[in-house]
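Quick one: this structure, given as structure tokens, is what I'll be asking you about.
Order of appearance sets the numbers: ligands from 1, and atoms from 1 within every ligand. By convention here, the first residue in the shown sequence is residue 1.
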Amino acid sequence: MQTFQYQQPTTVNQAVQAGAQSKTAQQYADVRFIAGGTTLVDLMKLDVERPNQVVDINTLPLAKIESAPGGGLVIGALARNSAVAHHPVVQRDYAVLSQALLSGASPQLRNMATTAGNLLQRTRCVYFRDIAHACNKREPGTGCSAIGGHNRMLAILGTSRDCIASNPSDQNVALTALEATIQVEGVKGRRTIPIQDFYLKPGSTPDRENVLEPGDLIVSVTLPAPLPGTRSYYLKLRDRAAYEFALASAAIVLKLNGSRIERARVALGGVGTVPWRSREAEHVLEGQTANAASFRRAADAALKDAQPASENGFKVELAKRCIVRALTVSTQSA
Ligand SMILES: Cc1cc2nc3c(=O)[nH]c(=O)nc-3n(C[C@H](O)[C@H](O)[C@H](O)COP(=O)(O)OP(=O)(O)OC[C@H]3O[C@@H](n4cnc5c(N)ncnc54)[C@H](O)[C@@H]3O)c2cc1C
């Protein structure tokens with residue numbers, strides 16, 4: 001672990017200015033914000049992240065969870081995962097988010113992990129986390145040890161010839177199905193980014209994971225007001241029942257009219273290089289009767305472009321069954 005300078009800004013503006021000193025936004029960023037530290041500190045110990053400045057944002061007033069002026073909910077960047085998961089409005093109106101958060105990590109980790117840190121958590125690909133191996137995400141141009149290596153946990157959607165690392169987050173799958181927006185304060189002021197436009201697929205630049213620039217500080221995430229009668233559900237399939245990342249997961253947000261699906265939002269975890277929204281599945285579902293046949297058609301559509309690697313072909317059928325099961329449960333719940 002290399003030595004670093006530590007600073008604790010007292011205002012958002014100071015934090016942005018400190019972050020803007022970084023010469024790179026992603027790979028080996030030389031200035032990093034630290035929130036809960038549950039991703040960053042691990043990666044610094046592994047020498048994967050080597051910032052020479054760490055900017056502790058925990059003193060900033062960004063932990064509130066409050067109603068949005070026009071309806072909806074604003075979740076502060078520093079709101080802890082446990083606080084969000086147990087918030088009564090989240091449990092009532094955005095159950096999929098509460099379920100996704102509670103399926104992740106452990107109670108201790110969720111007490112530290114923050115909303116923004118979770119948005120920016122990095123892949124668990126073992127080759128990314130081990131500097132003895134080639135990894136285009138960690139060191140562009142070195143190659144990808146995962147392609148042809150141990151890739152059972154890795155992505156089958158949105159991959160490229162340079163990277164098949166999966167996005168490991170549960171929270172972000174739920175936020176994708178909920179069509180959340182992300183508020184960012186940067187050197188040029190504040191902007192709002194729909195989560196759908198936030199993450200970048202690896203392509204030939206897997207080190208560039210999202211659209212943030214140096215100095216960009218996430219200040220909040222906003223959930224739109226729920227449509228009356230909407231129901232939602234998160235299902236996570238994994239190797240053990242707790243404290244494990246998803247092999248496949250599905251976040252469903254549905255509005256039914258009788259047995260007819262009026263509106264559907266479907267997002268997948270564990271299978272994509274980014275939190276994966278399946279517009280294909282949504283398109284198949286909307287206007288259809290909610291039943292086993294339409295659910296299976298939606299699942300087939302969601303995985304039609306899957307490109308498994310040597311060890312993760314099983315994820316194609318697993319993800320399909322995950323979608324069907326999640327849709328089934330979400331149409332049964334009140
Ligand atoms: C053992 C273990 C098991 C886990 N299991 C799961 C799981 O099953 N599911 C799951 O989803 N997650 C899991 N996680 C990941 C965990 O959810 C993340 O580590 C956590 O959400 C990161 O939040 P943090 O606040 O600790 O981030 P930090 O480590 O503080 O930061 C992470 C990154 O975000 C950046 N950052 C933080 N805040 C901001 C901000 N406001 N603006 C801009 N950049 C910011 C940091 O610079 C850093 O690059 C697990 C983690 C561990 C260690």
Side-chain angles (χ1 to χ4, degrees), residues 4 9 12 15-16 18-20 22 24-46 48-51 53-63 75-85 97 99-124 129 153 166-176 182-186 190-191 193 198 207 209-221 234 236-249 251 269-270 275:
F4 57 89
V12 165
V16 170
S22 184
T24 52
Q26 301 280 334
Q27 177 238 351
Y28 292 147
D30 36 12
V31 184
R32 280 282 191 223
F33 298 125
I34 188 163
T38 62
T39 287
L40 184 64
V41 175
D42 276 3
L43 293 177
M44 286 171 68
K45 288 183 189 163
L46 293 168
V48 172
E49 294 262 11
R50 301 175 195 172
Q53 287 202 46
V54 171
V55 181
D56 183 350
I57 57 174
N58 283 285
T59 46
L60 302 180
L62 299 175
I75 301 171
L78 286 170
R80 306 287 155 176
N81 286 177
S82 48
V84 178
L97 177 57
Q99 292 159 359
L101 286 166
L102 292 176
S103 77
S106 65
Q108 293 90 338
L109 281 159
R110 295 194 295 266
N111 285 343
M112 285 303 292
T114 62
T115 301
N118 199 327
L119 280 171
L120 297 177
Q121 68 169 288
R122 308 201 68 188
T123 183
R124 309 302 289 198
R129 293 170 66 88
M153 293 294 290
S166 46
N167 185 296
S169 170
D170 294 297
Q171 168 194 273
N172 305 337
V173 183
L175 291 179
T176 299
I182 300 166
Q183 287 70 51
V184 175
E185 195 78 39
R190 185 173 287 221
R191 65 194 196 281
I193 306 166
F198 185 76
D207 56 304
E209 294 178 352
N210 55 59
V211 298
L212 294 182
E213 298 293 339
D216 279 347
L217 179 76
I218 297 173
V219 291
S220 58
V221 169
Y234 187 73
K236 176 175 180 178
L237 304 180
R238 47 191 158 169
D239 282 328
R240 56 182 178 213
Y243 206 33
E244 182 57 281
F245 290 90
L247 289 167
S249 70

Indicate yes or no: does an N/O atom of D216 lie under 3.5 Å from an N/O atom of ligand 1?
no

Counting both backbone and side chain atoms, is some N or O of I57 under 3.5 Å from an N or O of ligand 1?
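No, since none of the N or O atoms of I57 sits under 3.5 Å from an N or O of ligand 1.
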
Test side-chain contact (heavy atoms from CB on, under 4.5 Å) applied to Q53 - qualifying residues, sequence neighbours left out:
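For Q53 the side-chain contact (heavy atoms from CB on, under 4.5 Å) partners, ignoring immediate neighbours, are Q5, Q7, V31.
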
Q108 contact mode with ligand 1 (heavy-atom cut-off under 4.0 Å):
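Under 4.0 Å from ligand 1, Q108 contributes no heavy atoms.
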
Please find the pair of heavy atoms, one from A15 and one from L217, that lie closest to each other, and give the distance.
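Closest approach of A15 to L217: CB-CD2, 4.2 Å.
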
Does ligand 1 have a heavy atom under 4.0 Å from the side chain of L109, from its backbone, from both, or from neither?
side chain

For T38, give me all partners under side-chain contact (heavy atoms from CB on, under 4.5 Å), at least two apart in sequence or on another chain.
L109, M112, A113

Against ligand 1, does E49 come closer than 4.0 Å with any heavy atom?
no

Compute the minimum heavy-atom distance from R110 to ligand 1 and say whether it is under 4.0 Å.
no

For atom 25 (O) of ligand 1, closest protein heavy-atom neighbour:
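Of every protein heavy atom, T114 OG1, 2.6 Å lies nearest to atom 25 (O) of ligand 1.
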
When only distance counts, is G36 in polar contact with ligand 1, meaning an N/O pair under 3.5 Å?
yes

Mode of S106 contact toward ligand 1 - side chain, backbone, both, neither (heavy atoms, under 4.0 Å)
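No part of S106 comes within reach of ligand 1.
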
Please determine which of N118, V221, L101 meets the side-chain contact (heavy atoms from CB on, under 4.5 Å) test together with V84.
L101

Where does E244 meet ligand 1, judged by heavy-atom distances below 4.0 Å: at the side chain, the backbone, both, or neither?
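Answer for E244: backbone.
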
Give a yes or no answer on whether the side chain of S166 reaches the backbone of P168 with a donor-acceptor pair at less than 3.5 Å.
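Side chain of S166 to backbone of P168: no pair is present.
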
Could you identify the single nearest non-hydrogen protein atom to atom 47 (O) of ligand 1 and state the distance to 0.1 Å?
F33 O, 2.5 Å

With a cutoff of 4.0 Å, is L62 in contact with ligand 1, counting heavy atoms of the residue only?
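Under 4.0 Å: no for L62.
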
Any salt bridge between R191 and E185, counting N to O under 4.0 Å?
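No, this pair does not count.
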
